[in-house]
**Q** 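Quick one: the structure is below, questions incoming.
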Amino acid sequence: MLLAASTAAAAPCTGESARGPFPTCFDPGNRLSVTAATDGFGGAVALRHEIHFVDEPDLVWKLEHVFFDTTYDGFRDNFDGTLYKGRFFRHARNGHIVLPFGDPSGVFLHSDIGAIFEVGHLSWRGMDPASLGIVKTALLTDVTRSKDFRTHLAIGPVGSWDVDLAPASVKVADHHIAPFSAGLVELHLESDDGLSILNVRGEAGTAWHTSGQWHSFALGEADLERIVLAINDRPIALYGLARYDSARAEATAAIGVRIVLVAKTDQRVSRL
Amino acid sequence: MHAAQAMSFARDAVRVAIAIGALHARPALADVLPPMMDPDLPVHCARDASGFVWRIQCDERAKVCLYAPNDELDTDGNRTKPLERARECTVGDTFDRDKLTAAGYVMKPGRADAPFGWTRDDRGRVFQVDFDLRRRLYFGAAYSPQKVLENPLESTRTSFDFGLLVAEWTNHGENGAATRHRLHLFEGQVHVQPFSADVTAAHYDISHRWTDALLRITTFTGTPQRHDLVLDLGLWTEAGGLELRRSALGDSQLYKHATAQVTVDLWQSDDMESFLRFRTGGGLEGQHDDVNGYRSALTEASALDLDTQLDDKGFQYLRVEVSHEVPRYFTPYRTDVFVQRFRARAQYETIVLAINDQPLTLRLAAGGEKRNDIPGIPDKWAFVLDAGLRFNLWAPPHKRS
């Protein structure tokens, strides 16, 4: 009895009830979830992990992966899905630039760097031509220099290659290429218990089209998620999102429910 | 017992203070970098009279002891943070300056030790100076500075290249045998103005170093001699290749579904990271253009590849590829010519700086292509030059041989 009491007290993410302990913290970066929202049904597989080094304890590679992030609205035949999204940050105690001339020397800065890599983003809106994002990548500078996944505010140049498909076919109508001629800003805030998450992302710049012209574009997206209950320790969250896409001249908003089917238990949750 | 240990510690502290503290003014701020401690030799730590811990390494041959603070220093020479990537060393009482001096040792300021592939500045801050670009994620942009020849595939243009993962590693076997694995995921390049693109979803190849001769030839003219013929055979595969070209007659898409080739390494470096090889084999592809529609083919392909690292620390790389492909269409769409594709590429890549130990590389590339499988593209060589920058993530130091 004493042991159980002391364990519960020492585990900040474990609640207690007459029928036993239950988790009060969740890991939103490691889960298989499905969504039902006003913009359709979908799901995603999210994984995230860190790589640490024994001889440099302050160096952390923070790797986030999202697979098969999809949403489909059967009523309006709208689809949006991404095969893979990766975000990689390297957090170090000191940031620096090394000049490898003569005796290599370092110019020391204070920033973390990283990158995003997105592959296979397919979307369509009803009978409108579909768009296929073949690759998008960006060099990110994280000014928050957070050691964990819970916070980042990153900016950086974006390179991307997208394809517009011809209506009702898979034939390519137009390619848009942004050879790092666009910029991205990304904010992620996650509460310590993982119950609340805010993501804001903006992207703007110019892209070359196979028509031979450069066109400016802007994308904006914000989503807020809040876990409101859990069934068998599987969290269920309410979420809302707003999105703007200048290419489609489209501003959308949606609210919905995210149900986590499989999740990794937060490490701070006591298993006793 | 405790009193004796305390007395011993106090004596050592005084010795260390005399040996180090008195000599050490601000060596970390000197213009010329002091020598670094050898990461392979033992390091001792000792505390001076002020309580500061020093790292000390003595070289028996040179009769020199290097000493360095066990902490990073700020611009004024004050200690700030523990050293990163430094070996653990416990403060002991084994350092005896008087004994070492009597034995002819000279005390000199140095820089603390760092692992292979890393170094330190005069303030003890560590940074990477050896990069393995065969283990990385990269993306970059390039610019073609000039028009070389008049051709639809050439013009002033920019390009964007990327690689989701490049991972190469070596498994060592018995008696010097080894296998080099090369895995590349989602690599490609997109050119604008005019448009062209090449993407490969997955590439995997292996090189093997055989220790047993394939053929052993003995000659009996004069003194009998044995001549071993070693054939370093390997395997080269790709899946999910896509080539997009645009000409005056429309767009062309070439889907290289899967390709498998046998490789013969004509030369391998000792670490097997660099090689010159010939490869040949076949693949299944599908091609679509606006004139001929879709057609499938089995393609015979051969190539000569050179991939070599030009310096020890991985700052410079050279890659050359010359390839020839002959598609054999299931339904021939033209009989007037022998359809084939030639390609030659050369790329030099060198690290220009590293940001947070992640290298930024300068890439100079030249390429040529001659093909007659795409309507609207003349059957003659077209050349292009690219100069650009690549940002690389990961790129750890080479594994120490």
Side-chain angles (χ1 to χ4, degrees), chain A residues 53-59 61 84 86 88-101 103-109 111-115 117 119-120 134-139 141 156-157 159-161 163 170-181 207-210 212 214, chain B residues 33 72 81-82 84-88 115 119-121 123 125-129 131 137-143 157-162 164-165 186 188 190-195 197 199 201 242 244 246 251 253 288 290 313 315 350-360 388 391 393-394:
Chain A
F53 299 84
V54 174
D55 54 355
E56 193 173 349
D58 291 324
L59 174 61
W61 274 100
Y84 173 74
F88 319 116
F89 279 116
R90 181 185 187 276
H91 170 75
R93 193 174 70 183
N94 290 317
H96 51 261
I97 295 176
V98 174
L99 305 172
F101 312 114
D103 273 340
S105 57
V107 178
F108 282 75
L109 308 169
S111 63
D112 285 346
I113 60 169
F117 214 108
V119 176
I134 295 176
V135 62
K136 176 182 288 184
T137 185
L139 167 63
T141 301
S160 63
W161 173 24
V163 172
V170 294
K171 189 177 175 185
V172 173
D174 195 12
H175 296 267
H176 328 160
I177 300 152
F180 295 97
S181 53
W208 180 85
H209 290 231
T210 39
W214 291 81
Chain B
L33 288 174
E72 290 185 9
K81 297 173 281 191
E84 289 177 315
R85 294 189 181 270
R87 286 175 290 171
E88 284 287 329
T119 191
R120 294 184 193 280
D121 67 357
R123 290 166 51 189
R125 298 177 299 183
V126 73
F127 53 93
Q128 190 177 336
V129 290
F131 301 92
L137 175 160
Y138 68 87
F139 47 80
Y143 178 67
R157 55 185 182 175
T158 55
S159 66
F160 157 48
D161 61 282
F162 48 86
L164 176 58
L165 177 68
F186 209 72
V190 188
H191 282 88
V192 305
Q193 217 164 355
F195 171 79
V199 181
L242 174 64
L244 302 178
R246 169 163 278 210
D251 292 315
Q253 299 99 41
H288 178 275
D290 293 345
K313 297 200 171 191
F315 277 73
T350 183
I351 295 171
V352 291
L353 55 84
I355 304 171
N356 287 12
D357 301 319
Q358 307 303 289
L360 185 73
F391 181 72
L393 277 180
W394 189 22

**Q** Measure B:Ala86 against the heavy atoms of chain A and call it side chain, backbone, both or neither at under 4.5 Å.
**A** backbone
**Q** Considering only NZ, NE, NH1 and NH2 on the basic side and carboxylate oxygens on the acidic side, decide whether B:Asp357 and A:Arg90 come within less than 4.0 Å.
**A** yes
**Q** State the CD1-CG distance between A:Ile113 and B:Asn356, to the nearest 0.5 angstrom.
**A** 4.5 Å
**Q** Which bit of B:Glu88 is near chain A, if near means a heavy-atom gap under 4.5 Å: side chain, backbone, both or neither?
**A** neither
**Q** Name the region of B:Leu360, side chain, backbone, both or neither, that has any atom closer than 4.5 Å to a heavy atom of chain A.
**A** neither
**Q** Taking the side chain as every heavy atom from C-beta outward, state whether B:Lys81 and A:Asp58 have any pair of such atoms under 4.5 Å apart.
**A** no
**Q** Does the side chain of A:Val135 reach to within under 4.5 Å of the side chain of B:Phe160, using non-hydrogen atoms?
**A** yes
**Q** Enter the distance from B:Phe391:CZ to A:Phe180:CZ here, rounded to the nearest 0.5 Å.
**A** 10.0 Å
**Q** Measure distances from A:Ser181 to the heavy atoms of chain B and classify the residue's part below 4.5 Å as side chain, backbone, both or neither.
**A** neither
**Q** Chain B heavy atoms under 4.5 Å from A:Ile134: which part of the residue, side chain, backbone, both or neither?
**A** both
**Q** Taking atom CZ of B:Phe186 and atom CZ of A:Phe117, what is their separation to the nearest 0.5 Å?
**A** 6.5 Å
**Q** Between A:Ala115 and chain B, with a heavy-atom cut-off of 4.5 Å, which part of the residue counts as in contact: side chain, backbone, both or neither?
**A** both
**Q** What part of B:Pro359 is in contact with chain A, defined as an atom under 4.5 angstrom from a non-hydrogen atom: side chain, backbone, both or neither?
**A** neither
**Q** Rounded to the nearest 0.5 Å, what's the gap from CG on B:Leu164 to OG1 on A:Thr137? Could you check?
**A** 8.5 Å
**Q** Using every non-hydrogen atom in the two residues, find where B:Thr158 and A:Pro179 come nearest and quote the distance to one decimal.
**A** OG1-CG, 3.8 Å
**Q** Kindly compute the distance separating CZ (B:Phe162) from NZ (A:Lys136), expressed to the nearest 0.5 Å.
**A** 14.0 Å
**Q** Angle between ring planes, B:Phe195 versus A:Trp161, binned at 30° and 60°: parallel, tilted or perpendicular?
**A** tilted
